[in-house]
Amino acid sequence: EDKVVQSPLSLVVHEGDTVTLNCSYEVTNFRSLLWYKQEKKAPTFLFMLTSSGIEKKSGRLSSILDKKELFSILNITATQTGDSAVYLCAVDQNSGYALNFGKGTSLLVTP
Amino acid sequence: DGGITQSPKYLFRKEGQNVTLSCEQNLNHDAMYWYRQDPGQGLRLIYYSQIVNDFQKGDIAEGYSVSREKKESFPLTVTSAQKNPTAFYLCASRMTGIGEKLFFGSGTQLSVL
């Protein structure tokens, strides 16, 4: 059975801390892994990863994929209260099916 | 502006009633999806459609129905057979092809009276 597992499920940090969110997967016909941020309603796209070892970076956020060990991490440095959100990991497969989502990590950044 | 429009934002359903959630996109995307989100459960796929007049069941299709008569529109009906419909419903779309990301609407919160 295909599965995407995120950890931790929730996290509370202080402003300025660095956090690492994890996403492991076991799927057939892996095509890509995507990260989304969901603050209130609509998830917004952060990164798409297809190749191992190549870091994607956007400001204080970065992500990397390990296709051998079947996981990805999302790093957020110097966290701000505006980073508080649910972070969703999803895997796209060659089967033409929809994205397979993990349960998400709820991040709360306190002042 | 291009995007995905879901309506209504909030919807209340009475016992035994069918309700329909609207999803319209003007991104010219081929594929459209409906996800259900419960607290702590992530997104679970209800139905998806990759082309007009064709759609497939997702992991939790029971108690739901869809249609895809136009490329832009993919309405979801929550039938009375769905015994626990209270949830947040997200519509999404994307082009079909390698490396195409998913775009989301703002969601509909459905509650049972």
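Within every chain, numbering begins at 1; the chains are lettered A, B, ... in the order of the sequence lines, protein sequences first and strands thereafter.
Interface remark: B:Gln6 contributes no atoms to any contact with chain A (heavy atom separation under 4.5 Å). For chain B, the nearby parts of A:Leu99 are the backbone and the side chain; heavy atoms of each come within less than 4.5 Å. If you measure heavy-atom distances from A:Gln6 to chain B, you find no contacts under 4.5 Å at all. For chain A, the nearby part of B:Leu90 is the side chain; its heavy atoms alone come within less than 4.5 Å. Heavy atoms of B:Leu43 lying under 4.5 Å from chain A belong to its backbone as well as its side chain.
Taking the six-membered ring wherever Trp is involved, the centroid distance between the rings of B:Tyr47 and B:Phe74 does not fall below 6.0 Å.
Between B:Asp38 and B:Arg44 there is a salt bridge, since at least one side-chain N of the basic residue sits less than 4.0 Å from a carboxylate O of the acidic one. Comment: B:Asp30 does not engage B:Arg94 in a salt bridge, judged by the lack of any side-chain N to carboxylate O separation of less than 4.0 angstrom.
Within the 3.5 Å criterion, the main-chain N or O of B:Lys71 finds a donor-acceptor partner in the side chain of B:Gln25.
Summarising the local packing, CD of A:Glu55 is surrounded by more than 12 heavy atoms from other residues, nucleotides or ligands at distances under 6.0 Å.
Top candidate by heavy-atom pairs under 4.5 Å with chain B, chosen from A:Lys103, A:Lys40, A:Gln38, is A:Lys103. Between chain B and the options A:Asp92, A:Val86, A:Leu34, the largest number of non-hydrogen pairs under 4.5 Å is found for A:Asp92.
Looking at every heavy atom in both residues, B:Leu11 comes nearest to B:Thr20 through CD2-O, 4.3 Å.
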